[in-house]
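Worksheet: one structure, shown below.
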Amino acid sequence: MEQRHLGRTGLRVSRVGLGTLTWGRDTDEHDAAEQLKAFWDAGGTLVDTADVYGGGEAEYLLGRLMERLVPRQDLVLSTKAGSVPEPDRRTDGSRGHLLAALDASLARLGTDHVDLWQLHAFDPHTPLEESLQALDIAVRSGRARYAGVANFCGWQLAKAGTWQLGGDRTRLAGAQLEYSLLQRGVEREVLPAALDLGIGLLPSSPLGRGVLTGKYRSGTPSDSRGASETMAPFVEPYLDDAASRIVDAVTTAADGLATTPLHVALAWVRDRPGVTAPIVGARTARQLTAALSVETLSLPDEICRALDDVSAPVHRYPDHDWSTL
């Protein structure tokens with residue numbers, strides 16, 4: 001698999017990453033092992049997790065698999081901290097919480113460092129410079145090699161990225177946000193900020209939460225995430241008429257290229273400007289292997305333009321020059 005630099009840094013990662021959101025909850029150890037082995041065999045290196053995935057079970061599971069299945073040194077390990085499962089508080093970006101969460105993640109993963117450590121979300125109740133100081137401490141102490149953020153909006157990313165360029169601070173390497181043909185909101189302000197600051201984008205849910213595979217065109221399959229009590233609310237927003245038109249266009253493109261809608265949707269986001277590596281989560285190793293076989297596909301320019309047009313979000317003032325309106 002082709003390797004890409006993450007942002008304006010020396011860190012190289014596979015251009016498709018493996019997500020572990022469902023590990024330890026919907027994905028058991030056997031299925032997780034098959035996925036990790038298939039990913040490694042395909043040349044994949046970037047594995048993404050978080051301290052809250054499965055209540056910590058995803059990190060435990062990944063740590064056990066690295067002990068016996070895939071050498072730790074062969075992986076670019078990414079985890080996140082700052083999201084908290086509390087009803088009255090969704091984020092905790094305090095320096096104390098973040099560093100304690102990192103230590104707990106390292107213990108669960110069974111390693112002395114992660115390659116990329118990300119703030120999982122912006123905390124409006126903690127000064128941003130305090131949260132960012134935790135990233136600096138983690139890198140200086142050797143517990144993290146590179147640092148990034150996730151789920152930051154445009155002004156938050158611009159502020160954080162610019163702050164980190166000053167003094168003896170750690171440059172932000174990556175930003176992880178949802179990005180797909182069904183969710184192009186990052187193009188409004190996040191992506192321009194990332195490109196300007198040299199921050200690599202790591203798209204999550206690049207297949208539109210599974211909808212872009214076309215599996216929901218004739219209803220909700222019984223074995224899909226959309227049929228799961230826990231995941232159905234996650235899928236439902238992308239089952240409207242606007243999404244259906246985009247899925248139809250992806251399917252038409254796939255038919256014309258003799259490939260699958262999954263490959264078309266994944267290749268589109270993988271090769272967007274500013275994107276380093278989309279993060280793909282799968283239920284089974286078979287699904288993951290199907291996604292990884294996109295490696296040889298590059299979409300023709302006319303297909304990209306057609307998909308751009310059918311999925312184009314409405315961006316007007318002030319995102320476009322006022323004189324062109």
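- W163 is listed as a side-chain neighbour of E129, based on a closest heavy-atom distance under 4.5 Å.
- Rounded to the nearest 0.5 angstrom, L292 CG and Q287 CD are separated by 11.5 Å.
- Between the side chains of W268 and D308, at least one donor-acceptor pair of N or O atoms lies under 3.5 Å.
- With R143 as the partner, the salt bridge (charged side-chain N to carboxylate O under 4.0 Å, His left out) test is satisfied by one option alone out of D112, D136, D103: D103.
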Verdict with supporting geometry, W155 and F122, ring pair (Phe, Tyr, Trp, His ring centres under 6.0 Å): CA-CA 11 Å; W155 74 262; F122 180 85; 5.5 Å; yes
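- Using modelled atom types and a 3.5 Å distance limit, the side chains of T284 and R286 yield no donor-acceptor pair.
- Under 4.0 Å is where a charged nitrogen must lie from a carboxylate oxygen, and between E187 and R184 at least one such pair does.
- Checking D48 against Q176 by side-chain atom types alone, a donor-acceptor pair falls below 3.5 Å.
- A donor-acceptor pair shorter than 3.5 Å can be found between the side chains of T111 and R72.
- Nearest heavy-atom pair across W40 and L69 is CZ3-O, 4.1 Å.
- Put simply, OG on S244 and CZ on R217 are 8.5 Å apart, with the number rounded to the nearest 0.5 Å.
- Hydrophobic cluster membership of L11, counting Ile, Leu, Val, Met, Phe, Trp and Tyr whose side-chain heavy atoms lie under 4.5 Å apart directly or via other members: L6, V13, L46, V76, L116, Y146, L202, I279.
- Ion pairing between R64 and E29 holds under the 4.0 Å rule for side-chain N and carboxylate O.
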